[in-house]
> 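Encoded as structure tokens, here's the structure I'll be asking about.
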Amino acid sequence: MNTIGLVVNSNKGDVSDPVGKVVSWLTEQNITVLFNQESAALLGRQGEGMSTRDLAEKCDCIMVWGGDGTLLNCARQTAATGTPIFGVNLGRLGFLTEIDIPDLREKMQALIAGHYYIEERMMLEATVLRDGEMIDNSVCLNDAVVSKGASFRMVRLNIKVNEEFVGGFSADGVIIASPTGSTAYSLSAGGPIVSPEVHVMLITPISPHSLSNRPIVISPDSEVEIQVLPCVDDVLLNLDGQYSFPLKAGDRVLVKKAPVKARFLKIQKTGFFEVLRGKLKEWQNGLD
């Protein structure tokens with residue numbers, strides 16, 4: 001491990017001091033540290049900042065300081081490079097971010113010593129077709145969601161899997177989730193929890209106006225087609241709760257397994273259900 005990239009969510013509070021200490025320690029270990037633009041600005045090194053995509057192409061791994069949302073954003077931007085990322089948890093739950101600040105020095109020493117492994121996660125690719133022409137194409141790690149925007153009215157959608165008609169329904173929307181995304185929005189909407197090594201896709205309606213609409217688990221090699229029927233004007237495709245694209249009646253959204261994978265650098269082998277138990281316990285305890 002010779003070069004480490006740094007991505008920091010500066011909205012998570014003042015973390016310049018612990019980040020600066022880690023940068024100094026890595027430099028003492030003869031590790032080159034590179035910065036994306038936000039991280040460079042945080043540390044007063046604006047002239048050294050670069051885009052997150054350029055950063056991924058120049059380093060051996062990326063250290064992401066933030067919550068799961070920061071990690072998701074980084075994964076979408078860097079998946080094509082294959083550069084592994086690992087997270088320092090500044091959020092509350094942290095399903096994906098492995099390292100807490102009190103354990104940072106110990107984990108960094110293990111990283112430098114080469115005591116780590118790479119975990120790959122399936123991603124999704126969403127393509128928007130309008131009048132038969134592709135107008136948007138993006139990847140995501142958790143989920144692709146077609147839903148209403150600010151309107152209180154429901155959207156009307158038709159769903160196909162591998163060109164076979166599944167059904168049509170009125171609802172607040174529909175979630176197409178990966179195994180990683182099964183513990184995110186899909187779970188809140190009543191979808192099942194899926195272990196990340198089980199490669200499947202989930203179709204989870206959001207508050208459907210019918211008791212017969214239930215979550216569906218399908219093969220990862222399937223292609224889901226969501227057709228937007230005439231309904232409200234404000235319909236959106238949202239990826240990982242971060243990237244949005246406006247849809248119109250007649251648009252078709254095709255979701256399938258992406259040709260790239262998210263790669264996470266892990267310091268210790270922690271079972272999925274051990275993490276799940278801890279996070280569900282935090283949910284049960286409520287918010288601070």
Side-chain angles (χ1 to χ4, degrees), residues 69 72 76 122-196 198-258 283:
L72 288 168
R76 284 201 317 279
M122 169 184 162
M123 300 186 77
L124 302 176
E125 179 183 55
T127 302
V128 180
L129 301 179
R130 181 170 294 164
D131 298 324
E133 179 182 352
M134 183 180 74
I135 58 172
D136 192 65
N137 178 264
S138 302
V139 299
C140 57
L141 176 57
N142 267 357
D143 46 43
V145 180
V146 174
S147 64
K148 64 182 183 180
S151 172
F152 289 102
R153 296 174 59 193
M154 293 180 290
V155 296
R156 297 172 61 238
L157 306 170
N158 278 341
I159 306 292
K160 293 182 180 179
V161 174
N162 298 329
E163 300 185 351
E164 179 181 356
F165 184 65
V166 175
F169 57 87
S170 297
D172 285 348
V174 65
I175 305 164
I176 312 300
S178 70
T180 301
S182 72
T183 55
Y185 192 5
S186 178
L187 180 63
S188 299
I193 295 174
V194 179
S195 182
V198 181
H199 284 193
V200 296
M201 294 168 62
L202 307 177
I203 304 174
T204 307
I206 306 170
S207 302
H209 193 57
S210 171
L211 296 177
S212 62
N213 294 124
R214 291 290 182 265
I216 302 172
V217 180
I218 61 175
S219 162
D221 299 318
S222 300
E223 180 179 75
V224 181
E225 176 183 318
I226 307 163
Q227 182 182 25
V228 180
L229 302 178
C231 52
V232 297
D233 294 330
D234 188 13
V235 182
L236 297 173
L237 168 65
N238 194 285
L239 304 181
D240 287 343
Q242 298 176 341
Y243 171 78
S244 292
F245 187 87
L247 301 174
K248 296 181 178 180
D251 285 355
R252 294 184 296 138
V253 180
L254 307 181
V255 184
K256 62 182 180 179
K257 181 173 66 175
W283 286 340

> With sequence neighbours left out, write down each residue that passes side-chain hydrogen bond (donor to acceptor under 3.5 Å, both in side chains) with Thr180, or none if nothing qualifies.
Arg121
> First locate atom CE of Met201, then atom OG of Ser186, and finally report the distance between them rounded to the nearest 0.5 Å.
11.5 Å
> Which heavy atom in Asn142 sits nearest to a heavy atom in Ala184, and how many Å separate them?
ND2-CB, 3.6 Å
> With sequence neighbours left out, write down each residue that passes side chain to side chain contact (heavy atoms under 4.5 Å, CB included) with Met154, or none if nothing qualifies.
Ser170, Asp172, His209
> Is the side chain of Asp143 donor-acceptor paired with the backbone N or O of Ile176 at a distance under 3.5 Å, no angle test?
no
> What pairs of donor and acceptor atoms, side-chain ones from residues 245-256 against any protein atom, are under 3.5 angstrom apart with sequence neighbours left out?
residue: Asp251; atom: OD1; partner: Arg130; partner atom: NE; Å: 2.9
residue: Asp251; atom: OD2; partner: Arg130; partner atom: NE; Å: 3.2
residue: Asp251; atom: OD2; partner: Arg130; partner atom: NH2; Å: 2.7
residue: Asp251; atom: OD2; partner: Lys248; partner atom: N; Å: 2.8
residue: Arg252; atom: NH1; partner: Glu225; partner atom: OE1; Å: 3.4

> Would Asp234 and Lys148 pass as an ion pair if we require N to O under 4.0 Å?
no
> Looking at every non-hydrogen atom in both residues, tell me the closest pair between Met134 and Thr127 and how far apart they are.
CG-CG2, 3.4 Å
> Suppose we screen for side chain to side chain contact (heavy atoms under 4.5 Å, CB included). Which residues come up paired with Asp131, at least two apart in sequence or across chains?
none
> Could you go through Val224 and Val174, starting from their C-alpha distance and side-chain angles, then the distance that decides it, and tell me whether this counts as side chain to side chain contact (heavy atoms under 4.5 Å, CB included)?
CA-CA 11 Å; Val224 181; Val174 65; over 6 Å; no
> Just how far is it from atom CG of Asn162 to atom CD of Glu223, taken to the nearest 0.5 Å?
7.5 Å
> Between the side chains of Asp136 and Tyr243, is a donor N or O closer than 3.5 angstrom to an acceptor N or O?
yes
> Looking only at non-hydrogen atoms, find the nearest pair between Pro196 and Pro179 and report the distance.
CA-CB, 3.9 Å
> Among Val145, Leu72, Leu124, Asn238, which one satisfies side-chain contact (heavy atoms from CB on, under 4.5 Å) with Cys140?
Leu124
> Which distance, rounded to the nearest 0.5 Å, do you find between the OG of Ser178 and the CG of Asp240?
8.0 Å
> Starting at NZ of Lys257, measure out to NE2 of His199 and round the result to the nearest 0.5 Å.
7.5 Å
> Is any side-chain heavy atom of Val128 closer than 4.5 Å to one of Asn137?
no
> Looking at residues at least two apart in the chain, or sitting in another chain, which of them share a side chain to side chain contact (heavy atoms under 4.5 Å, CB included) with Ala189?
Ile175, Thr204
> Can you check whether Pro215 reaches Leu202 side chain to side chain, under 4.5 Å on heavy atoms?
no
> Can you find a pair of side-chain heavy atoms, one from Pro230 and one from Arg156, that are under 4.5 Å apart?
yes
> Between Ser182 and Ala177, what is the shortest heavy-atom contact and its length?
N-CB, 4.5 Å
> Does Ser138 reach the side chain of Arg76, with side-chain heavy atoms less than 4.5 Å apart?
no
> Which heavy-atom pair separates Leu239 from Ala144 by the least distance, and what is that distance?
CD2-CB, 3.6 Å
> Suppose the criterion is salt bridge (charged side-chain N to carboxylate O under 4.0 Å, His left out): which pairs have a residue in residues 174-194, not counting sequence neighbours?
none
> Roughly how far apart are Ser222 OG and Ile216 CD1, rounded to 0.5 Å?
11.0 Å
